[in-house]
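Here's the structure, in structure tokens; my notes come after.
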Amino acid sequence: MTTTTNVRVRFAPSPTGFFHVGGARTALYNWLVARQNNGSFLLRIEDTDRDRSEDQWTEGIVNALSWLGITWDEGPFHQSERHALYNDAITRLIANGHVYACNCTREEIDARIKARQTPGYDGFCRDRNLEPGPGKALRFRVPDSGTTTVHDLVRGDVEFANSTIEDFVIVKSNGDPLYVLAVVVDDIDMAITHVIRAEEHLPTTPKAILIWHALGDIPLPAFAHLPVLVNEKRQKLSKRRDRVAVEDYRDLGYLPEAIINYLCLLGWAPNDGRELLTVEEMILEFRLEEVNKSPAFFDEKRLDHFNGLYIRALAADEFVRRAMPFISNDQVPWTKNQFDQEQFFALAPLIQERITTLGEIPNYIKFLFSDPYVIEEAVFEKAILKDETGVEILRAARSAFADAAFDHEPLKDILISIGEQFDKKLSKTQAPIRVATMGSPVGLPLFESLVVLGRSKVLARIDDAILIAERSR
RNA sequence: GGCCCCAUCGUCUAGAGGCCUAGGACACCACCCUCUCAAGGUGGAGGCACGGGUUCGAAUCCCGUUGGGGCUACCA
């Protein structure tokens, strides 16, 4: 694709709901093509349907793309602001006879379809020479014979018999242009060279081509129809049915670079098996012609894997920088005053190597800041009350911790020797201490955590645990 | 129903007629490492939808079947 013409692509979402990962993948592929050709990436908001478009969704699209690092060179354009352009095209299409006015109602059309047993509009108004105007839609006069071929970069040539294409509406009876017209007019106006979009648009492409030709002798762009992303039931991802909004993943603590990497691999892969790709490598190596033809399942498990890898690859200071929004929001189980940044920093490296999303961080450090401090009854029961030695271990540790050097090696040695008294392995001995001080049988390494928690809190919590244990006896 | 697209482990994929006894990754299982949990390491199980061709030779090419999907609006 190292052409002499300037490559211009566009991402053209409709602002009718959450911006989902399928749209992000389409945007990414467009963006990669633009970047690898030193071309331009345009953002165009397809809001010709005023009833369904809302500003909040446009905002969501813009925010999500920015967050992902998919930058646009021109736009965002809004089709709702470009009516003059469409009207001009409509005037020309009326003048050259490619469209005609139609006042059939849906009911009438359906009744005739039922009677004829053939689908599609029957061309009732084709030769009635109705005067175009309010209350009448405009339909495109599709040739009765011949074929329209879509030359598709990922699918090859796809042929449509014109006889199977109905005379479709391009302008509503209220004068608003329809998507299929607006897209063509805009793509021509914006000199788009590559139309890269999801496969669901393939059936309307011959219509677009017909309009294209009707508008004059204008070279067609290259088309590329990407396989759709599907859910576990292998249905096209839908913003209504599937919770896959890009912003949700951001809020859950996924890294944009991990999402980009994963999305890039959904439908394309380098042939040497590499999976961790930098954006630079994607730009260099991605090929539209190599994109797969079949639908791909958006597998959150696999995304998790990539996210974990990317989190672990972060430099320590970068990790805490990215973590901050997730530990200083108002959903966290501690107050601003209770939070101690230094304590978090001290444990951060240990957290970094065991999480898959940044949203998991609070759970790992709530034992430090959360107050009052609560231990689940069942957990307490299992780790401390289960047998006699539970409390004994707590007592022994309590007295040894009181005047030990409070560092992880000495603390560990103490627990090992306590374990020897009771003939228990360290893995068993640590459990009651862990639950008493950290509130959970699983979590960060114990001794490092105790050091950061501090001697006084550790002793106090062990005292509390002993007290509760004695009371419940 | 009509038009169109698609078909390699459960999932994402490598594979452009001999390099395929089909490779990698996620998930799964086992073991190792280990203060818990992870992470990491090693190993394992698991696939060319089916049937016909073409060819000396087919996961790869052709046809059909089956299965899945998309579209079928005065939505995009």
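By convention in this document, chain letters (A, B, ...) are assigned in the order of the sequence lines, proteins followed by strands, and residues within each chain are numbered from 1.
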Taking atom P in both B:G24 and B:C62, compute the distance separating them and give it to the nearest angstrom.
-> 29 Å
Of A:Y262 and A:F160, the one whose closest RNA chain B nucleotide lies more 5' | A:F160
Interatomic distance at P, B:C19 relative to B:C61, whole Å = 16 Å
Could you tell me which residues satisfy side chain to side chain donor-acceptor pair (under 3.5 Å) with A:T205, sequence neighbours excluded, listed by chain and number?
-> A:R197, A:H225
Salt bridge (charged side-chain N to carboxylate O under 4.0 Å, His left out) partners of residues 261-273 of chain A, not counting sequence neighbours, each pair once | A:D272-A:R274
A:Q117: side chain to side chain donor-acceptor pair (under 3.5 Å) partners, not counting sequence neighbours | none
Judged by atom type as modelled, is there a donor-acceptor pair below 3.5 Å linking the side chain of A:E81 to the main-chain atoms of A:F77?
-> no
How far, in whole Å, is B:C20 from B:A14 if one measures between their C1' atoms?
-> 12 Å
Could you tell me whether the side chain of A:N231 and the main chain of A:Q235 form a donor-acceptor pair under 3.5 Å?
-> yes
At under 4.0 Å between heavy atoms, what does A:A431 touch on the DNA or RNA strands: base, sugar-phosphate, or nothing?
-> nothing
Complementary nucleotide of B:C28, counting Watson-Crick and G-U pairs under 3.5 Å | B:G44
Heavy-atom side-chain contact between A:I393 and A:I384 under 4.5 Å | no
In the strands shown, is B:A59 matched to any nucleotide by a Watson-Crick or G-U wobble pair with both distances under 3.5 Å, and which?
-> none
Heavy atoms under 4.0 Å, any strand shown: does A:E232 hit a base, just sugar-phosphate, or nothing?
-> nothing
Quick one: list whatever passes salt bridge (Lys or Arg N to Asp or Glu O under 4.0 Å) with A:K424, sequence neighbours left out.
-> A:D387
Which nucleotide, B:C3, B:C6, B:C4, lies nearest any side-chain atom of A:L202?
-> B:C4
Give the B/S/- string for nucleotides 63-76 of chain B, one per nucleotide from 5' to 3', where a protein heavy atom under 4.0 Å of the base yields B, of only the sugar-phosphate yields S, and otherwise -.
-> ------SBS--BBB
Can you tell me how far P in B:C9 sits from the matching atom in B:A22, rounded to whole Å?
-> 14 Å
Using the C1' atoms only, state how far B:G70 lies from B:A76, rounded to an integer number of Å.
-> 14 Å
Quick one: side chain to side chain donor-acceptor pair (under 3.5 Å) partners of A:H201, sequence neighbours excluded?
-> A:Y179
If we take the P atom in both B:C50 and B:U66, what is their distance in whole Å?
-> 16 Å
A:Y249 and A:F298 aromatic centres sub-6.0 Å | yes
Quick one: salt bridge (Lys or Arg N to Asp or Glu O under 4.0 Å) partners of A:D299, sequence neighbours excluded?
-> none
In the structure shown, which nucleotide is the Watson-Crick or G-U wobble counterpart of B:G64, with both distances under 3.5 Å?
-> B:C50
Gap between atoms CG and P, on A:N231 and B:C12 respectively (whole Å) | 12 Å
Watson-Crick/G-U partner (both atom distances under 3.5 Å) of B:C3 | B:G70
Extract all donor-acceptor atom pairs below 3.5 Å that involve side chains of residues 128-138 of chain A and protein atoms in other chains or at least two apart in sequence.
from, atom 1, to, atom 2, distance (Å)
A:R128, NH1, A:N103, OD1, 3.2
A:K136, NZ, A:E131, O, 2.6

Report the distance from atom CZ of A:F298 to atom C1' of B:G10, rounded to the nearest whole Å.
-> 18 Å
Determine the Euclidean distance between corresponding C1' atoms of B:U13 and B:G18; express it in Å to zero decimal places.
-> 23 Å
Considering Watson-Crick and G-U wobble pairs with both distances under 3.5 Å, what does B:A14 pair with?
-> none
Check: protein-nucleotides 14-17 of chain B nitrogen or oxygen pairs below 3.5 Å:
from, atom 1, to, atom 2, distance (Å)
B:A14, OP2, A:N292, ND2, 3.4
B:A14, O2', A:N271, O, 3.3

State the pairing partner of B:U36; accept Watson-Crick or G-U wobble contacts with both distances under 3.5 Å, and report none otherwise.
-> none
Those residues that, when tested against A:Y254, pass side chain to side chain donor-acceptor pair (under 3.5 Å) (two or more places apart) = A:D304
Let me have a per-nucleotide readout for nucleotides 26-42 of chain B, 5' to 3', with B, S or -, counting only protein heavy atoms under 4.0 Å.
-> SS-------BBBBSS--
What pairs meet the side-chain hydrogen bond (donor to acceptor under 3.5 Å, both in side chains) rule with one or both residues in residues 163-173 of chain A, with sequence neighbours excluded?
-> A:Y100-A:D167, A:R126-A:D167
Nearest-angstrom distance, C1' atom, B:A27 to B:C33 | 22 Å
